[in-house]
There are 2 protein chains.
Amino acid sequence: MNKVKKYRKEKGLSQMELASKAGVTRQTITLIENNKYNPSLALCLKIAKALDSDLNTLFWEE
Amino acid sequence: MNKVKKYRKEKGLSQMELASKAGVTRQTITLIENNKYNPSLALCLKIAKALDSDLNTLFWEE
DNA sequence: TGAAATTGCAATATATATATTGCATAAAAA
DNA sequence: TTTTTATGCAATATATATATTGCAATTTCA
């Protein structure tokens, strides 16, 4: 569903690197990438900025 | 910060109407509009769709 | 006017996002 | 092959999003 994993890999980042750029744990990134739960807006914003991306690109669904 | 109140009013909806379109309580809408807490992604998506809008328009911040 | 609708907010209860630690597997690199 | 590095996932603890109910203050409209 969300495209975090895809964009993280395009940036050549590991889960750990993205987690520390976003200020969360790797576990949180794993769960979000695998759609195991429902991140908060604040976290979506941090991830989007860490990937030089935006909310619609990573999380919008039609 | 977020622009939910602004876009809700442009659509001529009350908090109650938006809440029921989005499937949450009015209290939740009130708190989000007043930046009292941090909605989940699933809720942001429901609100965006209920307002015929999108995540970046309502929630992105530079 | 006064009744009805709208909004802000308080208090409590519950569900769940996130942190933390740790282990197993697989892939990459030495 | 051995040693790192990357990823998935389990278990527990804590913080907080959301529901529910209800009330007070405005605002809207009959």
Side-chain angles (χ1 to χ4, degrees):
Chain A
M1 334 250 186
N2 76 63
K3 309 185 191 82
V4 173
K5 182 182 289 189
K6 178 185 172 211
Y7 280 83
R8 175 177 61 79
K9 294 206 160 174
E10 287 183 14
K11 285 267 169 184
L13 297 174
S14 68
Q15 288 183 343
M16 264 262 292
E17 290 167 325
L18 174 55
S20 68
K21 284 189 79 170
V24 294
T25 60
R26 185 177 66 82
Q27 168 74 323
T28 297
I29 300 296
T30 297
L31 291 170
I32 291 168
E33 286 190 350
N34 297 340
N35 294 288
K36 292 298 171 52
Y37 57 50
N38 183 18
S40 68
L41 173 61
L43 178 50
C44 294
L45 289 168
K46 287 188 215 165
I47 290 174
K49 287 171 183 169
L51 294 177
D52 298 310
S53 185
D54 59 81
L55 294 175
N56 283 350
T57 301
L58 295 175
F59 301 106
W60 185 251
E61 43 199 48
E62 291 310 323
Chain B
M1 332 246 188
N2 76 63
K3 309 185 191 82
V4 173
K5 182 182 289 189
K6 178 184 172 212
Y7 281 83
R8 174 177 61 77
K9 293 205 161 173
E10 287 183 14
K11 284 267 169 184
L13 297 174
S14 69
Q15 288 183 342
M16 265 261 293
E17 289 167 325
L18 174 55
S20 68
K21 284 189 79 171
V24 295
T25 59
R26 185 178 65 83
Q27 168 74 324
T28 297
I29 300 296
T30 297
L31 292 171
I32 291 168
E33 287 190 350
N34 297 339
N35 294 288
K36 293 296 172 51
Y37 58 48
N38 183 18
S40 68
L41 174 60
L43 178 49
C44 294
L45 289 168
K46 287 188 214 164
I47 291 174
K49 287 171 182 169
L51 293 177
D52 299 311
S53 185
D54 60 79
L55 294 175
N56 283 349
T57 300
L58 295 175
F59 300 108
W60 185 252
E61 42 199 48
E62 290 311 320

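For clarity, every value in this text was computed on a predicted model and none was experimentally measured. Lettering of chains follows the sequences in order, A, B, ..., and the numbering in each one begins at 1. Side chains included, hydrogens not; waters and symmetry mates left out as well; all remaining heavy atoms used.
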Residue B/Thr30, side-chain heavy atoms: nucleotide from C/dA17, D/dG8, C/dG8 that is nearest:
C/dG8
Checking C/dA10, C/dT7, D/dC9 against the side chain of B/Gln27 (C-beta onward), the nearest is C/dA10
Roughly, in whole Å, what's the span from OH in B/Tyr37 to C1' in D/dA19?
8 Å
Please determine, for the side chain of B/Lys5, which listed nucleotide (C/dG8, D/dT7, D/dA19) has the closest atom?
C/dG8
Closest approach to the side chain of A/Gln15, judged atom by atom: which nucleotide of D/dG8, D/dA19, C/dA19 is it?
D/dG8
Can you tell me if B/Thr28 touches the phosphate of D/dT18, counting only side-chain N or O atoms and a distance under 4.0 Å to OP1 or OP2?
no
Show, in sequence, the C-alpha distance, side-chain angles and deciding distance for B/Glu61 and B/Lys3, and conclude whether the side chain to side chain contact (heavy atoms under 4.5 Å, CB included) test is met.
CA-CA 10 Å; B/Glu61 42 199 48; B/Lys3 309 185 191 82; over 6 Å; no
Let me know the distance between CG of A/Asn35 and C1' of C/dA17, rounded to the nearest Å.
15 Å
Separation of A/Met16 atom CE from D/dC9 atom C1', in whole Å?
17 Å
Measure CG/A/Asn34 against P/D/dA10 and give the value in whole Å, please.
11 Å
Just one of B/Ile47, B/Ile32, B/Ile29, B/Leu18 clears the side-chain contact (heavy atoms from CB on, under 4.5 Å) bar with B/Val24, so which one?
B/Ile29
Walking DNA chain D from its 5' end, the first of A/Arg8 and B/Asn38 to be reached, judged by nearest nucleotide, is A/Arg8
For B/Ser40 and B/Lys36, find the nucleotide of DNA chain C closest to each by heavy atoms; which residue's nucleotide sits nearer the 5' end?
B/Lys36
Between CG of B/Leu31 and C1' of D/dT21 the distance, given in whole Å, is 14 Å
A/Leu41 CG - D/dT18 C1' separation (whole Å):
15 Å
Any donor-acceptor N/O pair, B/Asn38 side chain to A/Ser40 backbone, under 3.5 Å
no
Atom pair distance, as rounded to whole Å: CD in B/Glu33 and P in C/dC9:
12 Å
Could you check A/Arg26 against B/Leu13 and say which one's nearest nucleotide on DNA chain C is further toward the 5' end?
B/Leu13
Rounded to the nearest angstrom, tell me the gap between atom NZ in A/Lys46 and atom P in C/dA17.
16 Å
Checking contacts here: which listed nucleotide (C/dT18, C/dT20, D/dA6) is nearest the side-chain heavy atoms of A/Ser14?
D/dA6
Considering only NZ, NE, NH1 and NH2 on the basic side and carboxylate oxygens on the acidic side, decide whether B/Glu17 and B/Lys11 come within less than 4.0 Å.
no
Please confirm whether the backbone N or O of A/Lys36 pairs with a side-chain atom of A/Asn34, one donor and one acceptor, at under 3.5 Å?
no
